[in-house]
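Each chain gets a letter, A, B and so on, in the order the sequences are listed, and its residues count up from 1.
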Number of protein chains: 2
Amino acid sequence: MKRVSLKVIAEELSVSVATVSLVLSGKNERGRVSQEVEKKILNKAVELNYMPNSFAKGLKMGRSKTLGLIVADVSNVFFGTLALHIQEYAEKEGYAVIIANTNEQEEKMEKMIKLLTSRQVDGLIVTPTEKSEKLIERLIVDKMPFVLVDRSFPTINTNFVMINNYEISYQATQKLIERGCRNIGLLNYHQNMYHTNERKRGCIEALQQANIYHPENVKEVRYENLKKDVENGIKELVKNKIDGIFFTTNSISILGVKNLVKQNVDIRNSMKMVCFDENDAFYLLPFSVPFIKQPIEKMGQRAIQLLIDQIEKQNSTTEKYIVDAELIIK
Amino acid sequence: MKRVSLKVIAEELSVSVATVSLVLSGKNERGRVSQEVEKKILNKAVELNYMPNSFAKGLKMGRSKTLGLIVADVSNVFFGTLALHIQEYAEKEGYAVIIANTNEQEEKMEKMIKLLTSRQVDGLIVTPTEKSEKLIERLIVDKMPFVLVDRSFPTINTNFVMINNYEISYQATQKLIERGCRNIGLLNYHQNMYHTNERKRGCIEALQQANIYHPENVKEVRYENLKKDVENGIKELVKNKIDGIFFTTNSISILGVKNLVKQNVDIRNSMKMVCFDENDAFYLLPFSVPFIKQPIEKMGQRAIQLLIDQIEKQNSTTEKYIVDAELIIK
DNA sequence: TTGTAGGCGTTATCAT
DNA sequence: ATGATAACGCCTACAA
């Protein structure tokens, strides 16, 4: 990969580097450089396939036009789709995106923040892990522009983009009740994350409202031991003879349904449920699965918009976007 | 984001920038700098949370320690998982990864290559789109280190990592035949991609070998119109009274199974199939779905290894890794 | 209208 | 054992 710098072009045309720079960076307002010279330079640049050296540019300008995206799990469709859209909108604004993965581990999150900031990203979009409050607070102290997506911390005042977790969960649970369920189970992560806690709260309050809240039907599963925990949770709930169930995330939903099938629960007739997030798998089943659909594209778009405002307009007021999720019953 | 540079540390400690650099870049072999000074510097660096400026480093060194990964579709689990592992292994070698997406479009691929090379990535891992031969050839001319993954072009001599597409498809089809199928359908992309063509060839040759090849049972679907095309394809195959079916990709498999279910085909008794790639969805079904499993982690690892060899050892011999896929029947 | 020169943060060479 | 300095390629204030 032979390098063509401004200097090379300048020498070939016997003009100064400054002139070339002026022309090629598009800063030649009101004809500071003559048409003739400008044309020569432009042509030569194309001929030699000039590409600016982004190290030099970044060093000089202090900006990289690169954003960091830190997600909890790239191999999860929800985050994959989010990444897709974030990339798309970032590109429209002239930014590239570096994606990094935390696997829901706070130590990895710390590592990835280090990695990305040392690469001088101009800003960060983050789905924070549990117990990562101090990391987020450090970002604020360091004045690193960032936006939280999908998750947030009620104790920290930050930009974020999230769905109306509480309300949609409340409504979804009401729907189960309307459809006749009286003994409803709940499967949630054993984590202290605000977004999933809100989903849980929404569900439980709807149950309490209807006077059918049975604490023994609330089960928690660990991220690190998901398969086993979901399996056991479902077994117990089936033993409790539940007639409806609410899953609070994507990954729990899939495993949950799988285990219901495995336990030979007659889902068509004796069990109603609500899952979180759309999934190909649901379309394969011989019965339809109601689910809560997050407007992922819009979330990505908003996140980019918030972040870029913050970076380019030095906008320091924190903004919080709550976008509405949708209950899909077909 | 206040910046802490070598200079800041040097001034605070009244030593030279050169000394600080030596210590912090870990180049202080055989005690060129005294233990005492070294310790002071190290402590100060932690205290001030020093982070090297990668632009300056890159400018000086001519390397970014960043790789580009160009995939056809980030929201597809196969590529998501591939990205996950590539990132993992790259990190172990001290490289970061920028992920970009082409949506199977050659123009987007060109754009992404431009984007990434202008950001001085040291190398590229690419799942090329159809008709992108010239782009790949240009990478070779430009001496940009790269590795193709999942797909390759038989007409171009490049590094690549792929599975044994022909063989595994041949074997999978034989399995269908062994299990009693005599009228087998095939659903493939209407694309001229070597990897899927090989899968098709493997299947057809197994059918010919057994004297049960019926060309009317080979259907092609378009990426841009996948849902409709798969639906129609399945309808026609069902009309042809097939008793077995082979899907050549991930996305086709999921839609294919979905439509079989929709057409009320009795999969447990009257239809056998082989899908490509593992999928959560398959575990939800009340029957088991045989599928071809690609060793994604190994593919990612090999790709990184090949690429880094090429970058760091200037290794210019092209290497081709064929890794074995596995037919999973449980 | 165009050129000169300084500096961004690092590393590496050469002095001291 | 440590310091001074040039260089990487770009941008920009200022000079000509």
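- Qualifying salt bridge (charged side-chain N to carboxylate O under 4.0 Å, His left out) partners for Arg63(B), counting only residues two or more places apart in sequence or in other chains: none.
- Distances shorter than 4.0 Å separate none of the side-chain N or O atoms of Ser34(B) from OP1 or OP2 on dA1(D).
- Residues forming a side chain to side chain donor-acceptor pair (under 3.5 Å) with Lys111(B) (at least two apart in sequence, or on another chain): Glu91(A).
- Partners of Lys40(B) by salt bridge (charged side-chain N to carboxylate O under 4.0 Å, His left out), not counting sequence neighbours: none found.
- Asn157(B) and Thr318(B) share a side-chain donor-acceptor pair at under 3.5 Å.
- Partners of Leu24(A) under the side-chain contact (heavy atoms from CB on, under 4.5 Å) rule, at least two apart in sequence or in another chain, are Leu6(A), Ile9(A), Val20(A), Ile41(A), Leu42(A), Ala45(A), Tyr50(A).
- With sequence neighbours excluded, no residue forms a salt bridge (charged side-chain N to carboxylate O under 4.0 Å, His left out) with Glu130(A).
- If you take CD of Glu38(B) and P of dA1(D), they are 12 Å apart, rounded to a whole angstrom.
- Applying the side chain to side chain donor-acceptor pair (under 3.5 Å) criterion to Thr102(B), with sequence neighbours excluded, gives no partner residue.
- Under the rule for a side-chain contact (heavy atoms from CB on, under 4.5 Å), the partners of Leu115(A) that lie at least two apart in sequence or sit in another chain are Met112(A), Arg119(A), Ala96(B).
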Listing time: all N or O pairs from protein to nucleotides 14-16 of chain D that are below 3.5 Å?
none

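- Contacts of Lys298(B) classified as side-chain contact (heavy atoms from CB on, under 4.5 Å), with partners at least two apart in sequence or in another chain: Pro295(B), Arg302(B), Val323(B).
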Provide a list of protein-nucleic acid N or O atom pairs under 3.5 angstrom, restricted to nucleotides 9-11 of chain C.
residue : atom : partner  : partner atom : Å
dG9(C)  : N2   : Ala56(B) : O            : 3.4
dT10(C) : OP1  : Tyr50(B) : OH           : 2.7
dT10(C) : OP1  : Asn53(B) : N            : 3.2
dT10(C) : OP2  : Leu6(B)  : N            : 2.8
dT10(C) : O5'  : Tyr50(B) : OH           : 3.4
dT11(C) : OP2  : Ser21(B) : OG           : 2.9
dT11(C) : O2   : Lys60(B) : NZ           : 3.2

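- The rotation axes computed at either terminus of the helix from dT1(C)-dA16(D) to dT16(C)-dA1(D) lie 50° apart, taking five pairs at each end and rounding to 10 degrees.
- With sequence neighbours excluded, no residue satisfies side-chain contact (heavy atoms from CB on, under 4.5 Å) with Lys60(B).
- Within the structure, every side-chain polar atom (N or O) of Ser16(B) is placed at least 4.0 Å from both OP1 and OP2 of dT2(D).
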